[in-house]
Q: 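Dropping the structure in here first, questions after.
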2 protein chains.
Amino acid sequence: MRLTTKGRFAVTAMIDLALRGDGGPVALAGVSERQGISLSYLEQLFGKLRRHRLVESVRGPGGGYCIARSLAEVSVADIIRAVDEPLDATQCGGRENCQDEHRCMTHELWATLNAKMYDYLASVSLQDLVSRQKDKQNPAAVTVLADQRRESNQSGGRASRDKLAVLA
Amino acid sequence: MRLTTKGRFAVTAMIDLALRGDGGPVALAGVSERQGISLSYLEQLFGKLRRHRLVESVRGPGGGYCIARSLAEVSVADIIRAVDEPLDATQCGGRENCQDEHRCMTHELWATLNAKMYDYLASVSLQDLVSRQKDKQNPAAVTVLADQRRESNQSGGRASRDKLAVLA
DNA sequence: ATATTCTTGACAAGAACAGTAGGTTATTTT
DNA sequence: AAAATAACCTACTGTTCTTGTCAAGAATAT
């Protein structure tokens, strides 16, 4: 897992899309202005996002990008993985023989930490981010959401509470 | 928060130090061999770690670096922050006026996510990493640790269980 | 048809970053 | 005193990031 400004830009842009996507495709020129990211860079990033099937494109006037799946199915980890492609192994690779036990030790420790970071980011979806924001704007909705939490806890959606708690 | 190979190297090296630090200072040449990180690079990283008071140096033959505080007082976040210095603001800065509400929204969403990542890494100390490793080598110790967990839960050490659970 | 909007791709240049190489200074041992 | 060890510092190279520019394809509007 790698976390850099590149990934941040991509996530930021995707949130922008999620918030504006109701009325059809969103043009990158608008995202560029609103988020202060160069259009050129956004084009490159969305090329990768498209090739990873996270967004779909519509060309021509009125065109732009749409999020390809439901918001709940796009995690922050998906986005970062798409733009930071070289998700290569941990040098030692896990399967390769390390120089000695001690080296394996530290590698494994890092790998574990890494995996946990990844799991965390994989557990946060665009839906989580967006609905949290809407709660803030419309406080009345909070109670409704609280009910949803209770429901999903009873019905076995065990991850839901943690996800939202994280954003509280 | 930024997560790159640089931070990984620094954490790896610090774990190495933690595991070998009993018999006085540890020389970087050894860390370099064991962890497969170039000596030059390690020197740079430890310059930063020293300036952030995470390690102390001893020059001359038999010299090297020691961890400056107790292992429990050094978190992974401390290490990463030390080497990835430019922990600068989120472009918008939080206090600066954003272009419009929408921009602030996405910035805030990212900032929240970011803070959560940071909190997580701040909750994992070198002590956690090292003691977990020792558990693996000596499985008999696990039950002892389990008792410690129960104790600290009763005595109000609420973070302890989560930290360790994370590494399980 | 023509012009406009917007994606798509390629290339290039500058800035920032990652990692390496070499020399200098402090401390210990011989 | 001399040699060896190991931290310290500066300069350098290569890669990645980020922006800019040009051109071309696709769909829409006039």
Side-chain angles (χ1 to χ4, degrees), chain A residues 2-13 17 20-21 23-33 35-68 80 82-88 91, chain B residues 2-13 16-17 20-21 23-68 80 82-88 91:
Chain A
R2 226 174 115 206
L3 206 51
T4 140
T5 55
K6 195 174 187 175
R8 191 184 78 200
F9 284 153
V11 172
T12 300
L17 233 66
R20 304 232 166 202
V26 179
L28 290 189
V31 179
S32 170
E33 276 184 22
Q35 307 302 333
I37 308 170
S38 88
L39 179 57
S40 186
Y41 200 25
L42 280 175
E43 287 169 344
Q44 289 180 40
L45 296 181
F46 273 79
K48 292 183 178 183
L49 292 171
R50 185 175 54 85
R51 284 185 283 274
H52 280 81
R53 319 250 173 216
L54 292 180
V55 297
E56 282 168 0
S57 63
V58 178
R59 301 177 76 151
Y65 286 92
C66 307
I67 295 180
I80 290 175
V83 297
D84 271 345
E85 320 219 11
L87 196 63
D88 45 7
Q91 209 166 31
Chain B
R2 230 174 112 205
L3 208 50
T4 139
T5 56
K6 196 174 187 174
R8 191 184 78 199
F9 284 154
V11 172
T12 300
D16 189 297
L17 234 66
R20 305 233 166 201
V26 179
L28 290 189
V31 179
S32 170
E33 278 184 22
R34 287 189 293 273
Q35 306 303 333
I37 308 169
S38 92
L39 180 57
S40 280
Y41 202 25
L42 279 175
E43 286 171 342
Q44 277 187 37
L45 297 181
F46 274 80
K48 292 182 177 182
L49 292 171
R50 184 174 54 87
R51 283 186 282 274
H52 281 81
R53 319 250 173 214
L54 292 180
V55 297
E56 283 168 359
S57 64
V58 179
R59 301 180 74 154
Y65 287 92
C66 307
I67 295 180
I80 291 176
V83 297
D84 272 344
E85 318 219 12
L87 196 64
D88 45 5
Q91 210 164 31

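Here is how names work: the chains are called A, B, and so on, in the same order as the sequence lines, proteins then strands, and each is numbered from 1. Only this structure's heavy atoms are used, side chains among them; waters, hydrogens and symmetry mates stay out.
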Q: Round to a whole Å and report the spacing from CG of A/L39 to P of D/dC22.
A: 15 Å

Q: Specify the separation, in whole Å, of atom CZ of B/R2 and atom P of D/dC17.
A: 10 Å

Q: Kindly indicate whether the side chain of B/F9, heavy atoms from C-beta on, has any atom under 4.5 Å from the side chain of B/Q35.
A: no

Q: Is the backbone N or O of B/G7 less than 3.5 Å from a side-chain atom of B/T4, with the two atoms forming a donor-acceptor pair by type?
A: no

Q: Enter the distance from B/L39:CG to B/E33:CD here, rounded to the nearest 0.5 Å.
A: 10.0 Å

Q: Is a donor-acceptor contact shorter than 3.5 angstrom present between the side chain of B/R59 and the base of C/dT28?
A: no

Q: For the pair made of CZ in A/F9 and P in D/dC17, what is the distance, rounded to whole Å?
A: 12 Å

Q: What is the minimum heavy-atom distance between B/C66 and B/P25, and which atoms define it?
A: SG-CA, 3.7 Å

Q: Looking at CD1 of B/I37 and CG of B/D16, how far apart are the two atoms once the value is rounded to the nearest 0.5 Å?
A: 8.0 Å

Q: Cut-off 3.5 Å, no hydrogens considered: what does the side-chain donor-acceptor table look like for residues 42-56 of chain A, sequence neighbours left out?
A:
residue : atom : partner : partner atom : Å
A/K48   : NZ   : A/V83   : O            : 3.4
A/H52   : ND1  : A/K48   : O            : 3.0

Q: For DNA chain D, report each stem as range with range, ordered by first number, or say none. Use Watson-Crick or G-U wobble pairs under 3.5 Å, at least 3 in a row.
A: C:1-30 with D:1-30

Q: Please find the pair of heavy atoms, one from A/R2 and one from A/D84, that lie closest to each other, and give the distance.
A: O-OD2, 3.5 Å

Q: How many Å lie between CG on B/D84 and C1' on C/dA18, as a whole number?
A: 11 Å

Q: Considering every strand and a 4.0 Å limit on heavy-atom distances, what is the contact class for A/T4: base, sugar-phosphate, or nothing?
A: nothing

Q: Mark yes or no for whether B/S32, through its side chain, and B/L28, through its backbone, hold a donor-acceptor pair below 3.5 Å.
A: no

Q: In residues 40-58 of chain B, what residues come within less than 4.0 Å of DNA chain C, judged by heavy atoms?
A: B/S40, B/Y41, B/E43, B/Q44

Q: Nearest nucleotide by nearest heavy atom, which residue falls closer to the 5' end of DNA chain C, B/G60 or A/P61?
A: A/P61

Q: How long is the line joining CG of A/L17 and C1' of C/dT7, in whole Å?
A: 14 Å

Q: How many whole angstroms separate atom NZ of A/K6 from atom P of C/dA18?
A: 14 Å

